[in-house]
Amino acid sequence: MAAKLELNQTNHRWAVEYQKGKDDLVVQATENKQSVVAYKCENSTLVVKGKVTSITVDSCSNFNIIFQSVISSVEIINSKKLQIQAEQQVPTITINKTNNVKIYLNNESLNAEIVSSLSNEMNVYVPTESGDDSVEINIPDTLTSQINTKTRKLETTVGTKAVGV
């Protein structure tokens with residue numbers, strides 16, 4: 001497939017597809033109803049300028065995305081080795097079937113909800129209170145579930161035991 005970076009005027013969607021080895025990809029959002037979909041990009045960096053409704057990253061590897069502001073969510077699917085950086089706000093980040101994700105938040109995006117499933121090696125980097133540095137926080141990828149014999153309900157906690165060792 002041919003590499004693509006274009007805006008579909010009908011559905012207000014930026015398509016960034018099949019990009020390989022590009023460090024200068026830029027999407028300039030002119031309306032906040034525009035969204036961005038990156039598909040099968042490798043060894044590339046995308047900068048999204050302006051406010052967009054949503055960003056989807058699907059089946060990408062060694063991919064970096066830096067964005068200013070997202071109204072709805074950033075969705076990561078079937079990808080590996082990603083770096084995601086929020087310069088302003090993002091309410092929700094979802095990670096599904098993805099390995100090795102680094103999410104960089106700033107003070108404006110600290111309230112972001114991060115939802116993950118079937119993924120591992122996920123870390124969030126948040127600025128220290130002084131703002132001079134950042135702290136790495138691991139997103140758990142192991143959960144432990146057990147039936148509570150008194151209530152007969154399933155209780156799930158962050159796993160503390162090694163799996164498959």
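Note: hydrogens, waters and symmetry copies are ignored here, and every other heavy atom, side chains too, is used.
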> What's the shortest heavy-atom distance between Glu108 and Asn106, and which atoms?
Replying inline: N-OD1, 2.9 Å

>> Between Val124 and Val126, is the side chain to side chain contact (heavy atoms under 4.5 Å, CB included) condition met? List the steps.
In response: CA-CA 6 Å; Val124 179; Val126 297; 3.8 Å; yes

>> Test of understanding: clusters of I, L, V, M, F, W, Y form through side-chain heavy atoms closer than 4.5 Å, transitively. Do Val27 and Val47 belong to the same one?
In response: no

> Between Ala3 and Tyr18, which heavy-atom pair has the shortest distance, and what is it?
Replying inline: CB-O, 3.6 Å

> So how far is it from Lys20 NZ to Glu42 CD, rounded to the nearest 0.5 Å?
Replying inline: 4.5 Å

>> Hydrophobic cluster membership, with links at side-chain heavy-atom distances under 4.5 Å among I/L/V/M/F/W/Y: are Val90 and Ile137 in one?
In response: yes

> How many angstroms lie between atom NZ of Lys4 and atom CD of Gln19, to the nearest 0.5 angstrom?
Replying inline: 10.5 Å

>> Would Val115 and Glu113 count as a side chain to side chain contact (heavy atoms under 4.5 Å, CB included) here? Give the steps.
In response: CA-CA 6 Å; Val115 180; Glu113 179 181 55; 4.0 Å; yes

>> As an exercise, state the distance from NZ of Lys102 to CD of Gln85, rounded to the nearest 0.5 Å.
In response: 12.5 Å

>> So Leu46 and Val36, do their side chains get closer than 4.5 Å, heavy atoms only?
In response: yes

> Judged by atom type as modelled, is there a donor-acceptor pair below 3.5 Å linking the side chain of Ser35 to the main-chain atoms of Thr53?
Replying inline: no

> Linking I/L/V/M/F/W/Y whenever any side-chain heavy atoms sit under 4.5 Å apart, do Ile84 and Ile114 land together?
Replying inline: yes

> side chain to side chain contact (heavy atoms under 4.5 Å, CB included) between Val16 and Val37: does it pass, once the steps are laid out?
Replying inline: CA-CA 6 Å; Val16 183; Val37 177; over 6 Å; no

> Atom CG of Leu154 and atom OG of Ser145: how far apart are they, to the nearest 0.5 Å?
Replying inline: 4.5 Å

>> Asp24: which residues meet the side chain to side chain donor-acceptor pair (under 3.5 Å) condition with it, sequence neighbours left out?
In response: none

>> For Asn111, is the CG atom crowded, meaning more than 12 foreign heavy atoms sit under 6.0 Å from it?
In response: no

Show which side-chain atoms of residues 56-78 pair as donor or acceptor with protein atoms under 3.5 Å away, not counting sequence neighbours.
unit_1: Asn62; atom_1: ND2; unit_2: Asn43; atom_2: OD1; d: 3.0
unit_1: Asn64; atom_1: ND2; unit_2: Thr45; atom_2: OG1; d: 3.1
unit_1: Gln68; atom_1: OE1; unit_2: Gly50; atom_2: N; d: 2.3

> Does Asn123 reach the side chain of Ile103, with side-chain heavy atoms less than 4.5 Å apart?
Replying inline: no

>> For residues Met122 and Tyr104: do they belong to one hydrophobic cluster (side chain heavy atoms under 4.5 Å, members Ile, Leu, Val, Met, Phe, Trp, Tyr)?
In response: no

>> Does Glu121 form a side chain to side chain donor-acceptor pair (under 3.5 Å) with Asn99? I'd like the steps, not just the answer.
In response: CA-CA 6 Å; Glu121 297 180 53; Asn99 299 323; over 6 Å; no

> Quick one: side chain to side chain contact (heavy atoms under 4.5 Å, CB included) partners of Ala29, sequence neighbours excluded?
Replying inline: Gln34, Val52

> Who passes side chain to side chain donor-acceptor pair (under 3.5 Å) against Asn96, sequence neighbours left out?
Replying inline: Ser117

>> Just to verify, what does Asp133 make a side chain to side chain contact (heavy atoms under 4.5 Å, CB included) with, not counting sequence neighbours?
In response: Thr128

>> Quick check for you: to the nearest 0.5 Å, what is the distance between Tyr39 atom OH and Ser79 atom OG?
In response: 10.5 Å

>> How long is the straight-line distance from CD of Gln88 back to CG of Leu105, given to the nearest 0.5 Å?
In response: 13.5 Å

> Got a sec, which residues hit side chain to side chain contact (heavy atoms under 4.5 Å, CB included) with Pro127, two or more places apart in sequence or on another chain?
Replying inline: Asn107, Leu110

>> For the backbone of Asn120 and the side chain of Thr98, can you confirm whether one donor and one acceptor N or O come within less than 3.5 Å of each other?
In response: no

>> Just checking Glu136: does its CD atom have more than 12 heavy atoms from other residues, nucleotides or ligands closer to it than 6.0 angstrom?
In response: yes

> Does one hydrophobic cluster hold both Leu7 and Leu25, with members joined at side-chain heavy-atom distances below 4.5 Å?
Replying inline: yes

